[in-house]
Protein chains: 2
Amino acid sequence: MEKPPEKARRSIGAKRNPDSADAIRDAAEAVLLEAGYAGFSIEAVARRARAGKPTIYRWWPSKAALLLDVYQRQKRDIDYADTGSLEEDMFRFLKSLFRQWRETPAGNIFRSFVAEAQSDEAASAALADYMKERRAYNGRMVERAKARGEVAAGVDPTFVAEMLSGYAWIHLLTNRLDEDDETIRKAVRIIAKGLLAGP
Amino acid sequence: MEKPPEKARRSIGAKRNPDSADAIRDAAEAVLLEAGYAGFSIEAVARRARAGKPTIYRWWPSKAALLLDVYQRQKRDIDYADTGSLEEDMFRFLKSLFRQWRETPAGNIFRSFVAEAQSDEAASAALADYMKERRAYNGRMVERAKARGEVAAGVDPTFVAEMLSGYAWIHLLTNRLDEDDETIRKAVRIIAKGLLAGP
DNA sequence: TCTCCATCGAAACGGTACGTTCCGTTAAAT
DNA sequence: ATTTAACGGAACGTACCGTTTCGATGGAGA
């Protein structure tokens with residue numbers, strides 16, 4: 001299970017070896033995928049990458065930093081299409097997010113990151129920053145709908161982002177990412193109806 | 001910070017010593033309160049309680065089990081009043097939950113438990129059970145509202161519980177339990193409006 | 001009353017991971 | 001040619017894991 005350590009690399013002189021950095025990131029992702037957060041240790045990553053622990057600590061000051069790096073490296077393939085309907089936009093967003101979290105390492109990585117943020121201050125701050133950016137970004141979905149008259153005045157766009165994130169998080173963190181389309185559809189429909197009526 | 005270990009207890013014969021059990025639970029709660037999840041270890045709890053580690057492991061098979069025990073021992077002071085208005089019921093529920101999580105150890109304990117569930121299978125199963133029960137319980141709020149005609153037919157009562165929990169969780173896990181009443185009010189109002197319109 | 005026995009706190013075990021310090025090697029930078 | 005910084009590897013001391021062993025305790029059953 002922890003077999004494939006490639007050939008060890010060497011110093012390439014007085015500068016950072018990008019191969020080592022890549023190998024460490026790859027190994028971190030692989031360990032998270034195969035052993036989950038429970039098996040995610042700096043030592044395991046170092047073994048897997050055939051890297052020295054000092055090399056990891058030189059470039060990533062903490063486990064949280066490595067986690068964040070790996071998470072941000074994940075390819076995002078989330079459906080942010082502007083369909084002209086807020087309900088449809090939200091549905092596609094949630095559905096593609098659930099799928100990505102289910103079918104790629106992203107879900108396990110993000111779960112781990114949220115967990116790490118509960119005990120590590122740096123991870124907590126990074127998560128707060130990240131979520132602030134997500135609220136702003138997803139809020140644009142609502143602003144577009146507002147311009148179309150789908151959302152009542154007085155609705156804070158970031159609130160909707162928060163509802164969607166909360167719905168997604170609780171499913172991720174309790175291993176319930178397998179909700180069917182119908183359930184997700186009903187959820188976003190209720191939110192959309194509420195937003196139309198206004199606060 | 002870790003000073004107050006009381007006098008060590010002793011065996012009271014061939015039966016469980018309830019004083020030790022209490023001391024261990026008290027110590028676990030105190031460690032979580034003072035040092036958070038990062039400082040929560042079986043050894044720290046044992047030192048604090050002046051108890052032997054085997055005594056802990058004899059009665060709690062894992063850190064997760066102790067966490068769950070401590071969480072369930074928390075006094076619940078959540079407002080489940082039936083006010084005759086779903087919006088008001090939900091508002092009071094969320095407001096009192098936020099307050100309890102902010103002002104008692106319950107918030108830190110539950111955060112820790114959710115984090116533990118991301119790496120411990122037993123904690124994950126216990127959390128799933130617990131949330132299932134919470135969905136059912138909070139769903140009754142919606143069923144009462146349905147009987148009053150405040151909620152459209154076809155709305156799954158547990159869905160609302162999920163929305164409320166998700167909203168609460170994301171605030172707990174990102175250290176944002178200090179939302180003011182107005183924000184919470186707007187949130188539940190949108191949900192209530194959406195539920196009235198139906199899925 | 002006397003023996004049995006599950007419990008207690010304490011100490012120590014082997015194992016794992018932490019984060020750090022050395023080491024000899026490498027090759028770019030100067 | 002010399003200096004400099006990065007590399008992998010090994011070892012360090014610390015902390016916590018979960019378990020075992022120990023002598024002392026005192027209730028339960030013979």
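Labels below follow one simple rule: chain letters A, B, ... track the order of the sequence lines, proteins then strands, and each chain is numbered from 1.
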_Of the listed nucleotides dT7(C), dC17(D), dA6(D), the one nearest the side chain of W59(B)_ = dT7(C)
*Return the value, rounded to whole Å, for the distance between atom CD of E43(B) and atom C1' of dA11(C).*
12 Å
*Are R50(B) and dA10(C) close enough that a side-chain N or O sits under 4.0 Å from OP1 or OP2?*
yes
*How many Å lie between OH on Y37(A) and P on dA17(C), as a whole number?*
14 Å
*Check the distance between dG19(C)'s P and R58(A)'s CZ and give it to me in whole angstrom.*
16 Å
*Of the nucleotides dC18(C), dG9(C), dG8(D), which has the atom closest to the S41(A) side chain?*
dC18(C)
*Main-chain N/O of S124(A) paired to E116(A) side chain as donor or acceptor, under 3.5 Å*: no
*Go along nucleotides 21-30 of chain C 5' to 3' and tag each nucleotide: B for a protein heavy atom under 4.0 Å from its base, S when only backbone or sugar atoms are that close, - otherwise.*
B---SBBS--
*Mind telling me whether W169(B) and F110(B) have parallel, tilted or perpendicular rings, with 30° and 60° as the class edges?*
perpendicular
_Nearest to side-chain heavy atoms of Y57(A), which nucleotide of dC17(D), dG8(D), dC18(C)_ = dC18(C)
*asked:* Taking CD in E121(A) as the centre, count heavy atoms belonging to other residues, nucleotides or ligands within less than 6.0 Å. Is the count above 12?
replied: no
*Intra- and interstrand pairs of DNA chain D - dot-bracket, Watson-Crick/G-U under 3.5 Å, | marks other strand*: ||||||||||||||||||||||||||||||
*Check whether any side-chain heavy atom of Y130(B) lies under 4.5 Å from a side-chain heavy atom of L68(B), and answer yes or no.*
no
Counting only pairs under 3.5 Å, give me each side-chain donor-acceptor contact of residues 84-94 of chain A, with atom names and distances, residues two or more places apart or in other chains.
unit_1	atom_1	unit_2	atom_2	d
S85(A)	OG	E87(A)	N	3.4
S85(A)	OG	E88(A)	N	3.1
E87(A)	OE2	R185(A)	NH1	3.3
E87(A)	OE2	R189(A)	NE	3.2
E87(A)	OE2	R189(A)	NH2	3.4
E88(A)	OE1	R185(A)	NH1	3.0
E88(A)	OE1	R185(A)	NH2	3.2
E88(A)	OE2	R92(A)	NE	3.1
D89(A)	OD1	T83(A)	N	2.8
D89(A)	OD1	T83(A)	OG1	2.7
D89(A)	OD2	R144(A)	NH2	3.0

*asked:* Using whole Å, what does the distance between atom P of nucleotide dA6(D) and atom CH2 of W60(A) come to?
replied: 13 Å
*If only atom types and distance count, is the side chain of R102(A) paired as donor or acceptor with the main-chain N or O of L177(A) below 3.5 Å?*
yes
*For N138(A) and Y80(A), run side chain to side chain contact (heavy atoms under 4.5 Å, CB included): C-alpha distance rounded to whole Å, both residues' side-chain angles, the deciding distance at 0.1 Å, then the answer.*
CA-CA 9 Å; N138(A) 285 342; Y80(A) 291 116; 3.5 Å; yes
*Whole angstrom is fine here: how far is it from CZ in F40(B) over to P in dA15(D)?*
19 Å
_Please compare K63(A) and A46(B) by the position of their nearest nucleotide in DNA chain C and report the one closer to 5'._
A46(B)
*Rounded to whole angstroms, how far apart are CD1 on I42(A) and C1' on dT20(C)?*
13 Å
*Starting at CG of D22(A) and ending at C1' of dC7(D), how long is that distance when rounded to a whole Å?*
15 Å
_Check the phosphate of dC16(D) against R47(B), side-chain N and O only, distance under 4.0 Å to OP1 or OP2. Yes or no?_
yes
*Start with the C-alpha distance between N108(A) and Y37(A), add both sets of side-chain angles, then the distance that settles side chain to side chain contact (heavy atoms under 4.5 Å, CB included), and finish with yes or no.*
CA-CA 7 Å; N108(A) 259 330; Y37(A) 183 49; over 6 Å; no
*Can you find a side chain N or O atom of R16(A) that sits less than 4.0 Å from OP1 or OP2 on dA5(D)?*
no
*asked:* Quick check on K146(B): does its NZ atom have over 12 non-hydrogen neighbours (other residues, nucleotides or ligands) under 6.0 Å away?
replied: yes
*Using the six-membered ring wherever Trp is involved, compare the ring planes of F98(B) and W101(B) and label them parallel, tilted or perpendicular (cut-offs 30° and 60°).*
parallel
_Please report the distance, rounded to the nearest Å, between CG in L66(A) and C1' in dC18(C)._
15 Å
